[in-house]
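Read through the structure below, which is laid out as structure tokens, and then see the notes.
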Amino acid sequence: MASLTSSTSCHSLTMPKVAQFKIGLCQLSVTPDKTTNLSRARNSIEIAAKQGASLVVLPEMWNCPYSEDYFAKLAEDFNDEDGSPSYFMLSEVASCLGITIVGGSMPELKDGRLYNTCCVFGPDGKLKAKHRKLHMFDANIPGDILYKESDTFTAGDNPTIVETDMGRIGIGICHDIRFPELAMLYRTRGANLICYPGAFNMSTGKMLWELEQRARQLYVASCSPSRDSVGSYTIWGHSTLVGPFGEVIATSGHEETIVIAEIDYSALQCRREGLPLENQRRGDIYQFVDIEEQRP
Ligand SMILES: O=C(O)CCC(=O)C(=O)O
């Protein structure tokens, strides 16, 4: 198996234990019934693992419809073993199958607040990282979409990079994908792959979902619920794996499905050596300075 080295002088790349492996993107149909969602997700994860995936990614809000009517009702406190069946199912199935799971996102209840949270489990079933969505999807586009995620959820405060057997992975949730600064941060910190569980809608999905992924210049995996999911919001679907040159390696339509695709980090090494963006970038001229601070 190829190993990963780098000639870049940015944050040094860690050697993933495995540089070539299969990823599974479980594009799930989501219902109002959590038990049904859990058994569908488990089944889909098992099929992906059977097809050789050692890293499996789930969609944003896979255990709960993407709707304000359900978030609070189906939220879980991950510290409460009895009150968190989704969290413990993911942990158990990861250890049973000996795989890494980027567990999409779930509504998390913590100290009276709701977060849109992604949990990453290692092959021993232990929680490796928890990413709370950083950027709230507050949109008011007349004739198209009116949605205010911040009415329901609290934004997280930390970017998330997690060391796994399948490389260094940066996590973003849905609207987080629109902020290239976050991806740039992950890239300069040596991430091999960014996983974006997401649920774009019909208009922003068509325009931007794939484009945002192809512009990141490392491996990018996205995973969406399928379009027939229940909720007040029509989901775009199209879970995708993109390579470091912006190439779409594998994608899906909008129906429930599993995308299985191969990741080979030697392609990333080739991109980093042949096109050393991390060395070329001119952070000295485009640091973000608040406009107020520039006023005399
Ligand atoms: O940014 C977008 O267009 C869609 C974002 C979204 O649906 C979300 O963050 O849940």
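Counting starts at 1 for both ligands and their atoms, in listed order. The residues of the chain are indexed from 1 along the displayed sequence.
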State which residues pass ring-ring contact (aromatic ring centres under 6.0 Å, His included) with Phe179; sequence neighbours excluded, sorted by chain then number.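 Here the qualifying residues are His135, His175.
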| Partner residues of Tyr147 under the ring-ring contact (aromatic ring centres under 6.0 Å, His included) criterion, sequence neighbours left out |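 Tyr66, Phe137.
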Review point. So, are Arg42 and Glu46 salt-bridged, with charged N and O less than 4.0 Å apart?
Key: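 Looking at Arg42 and Glu46, the cut-off is met.
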Margin query: As a quick check of understanding, evaluate side chain to side chain donor-acceptor pair (under 3.5 Å) for Asp77 and Ser84, giving each step before the final call.
Written below: CA-CA 6 Å; Asp77 177 342; Ser84 192; over 6 Å; no
| field | Ser252 (side chain) donor-acceptor with Ser239 (main chain) under 3.5 angstrom | value |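 Between the backbone of Ser239 and the side chain of Ser252 there is a qualifying donor-acceptor contact (under 3.5 Å).
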Q) Among all residues two or more places apart in sequence or in another chain, which pass the side chain to side chain contact (heavy atoms under 4.5 Å, CB included) test with Lys206? A)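 For Lys206, the residues satisfying side chain to side chain contact (heavy atoms under 4.5 Å, CB included) (neighbours in sequence not counted) are Trp236.
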For ligand 1, the residues whose heavy atoms come within less than 4.0 Å (ordered by chain, then number):
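Residue list for ligand 1: Glu60, Tyr66, Lys133, Phe137, Cys174, His175, Arg178, Ala199, Phe200, Thr204, Tyr233.
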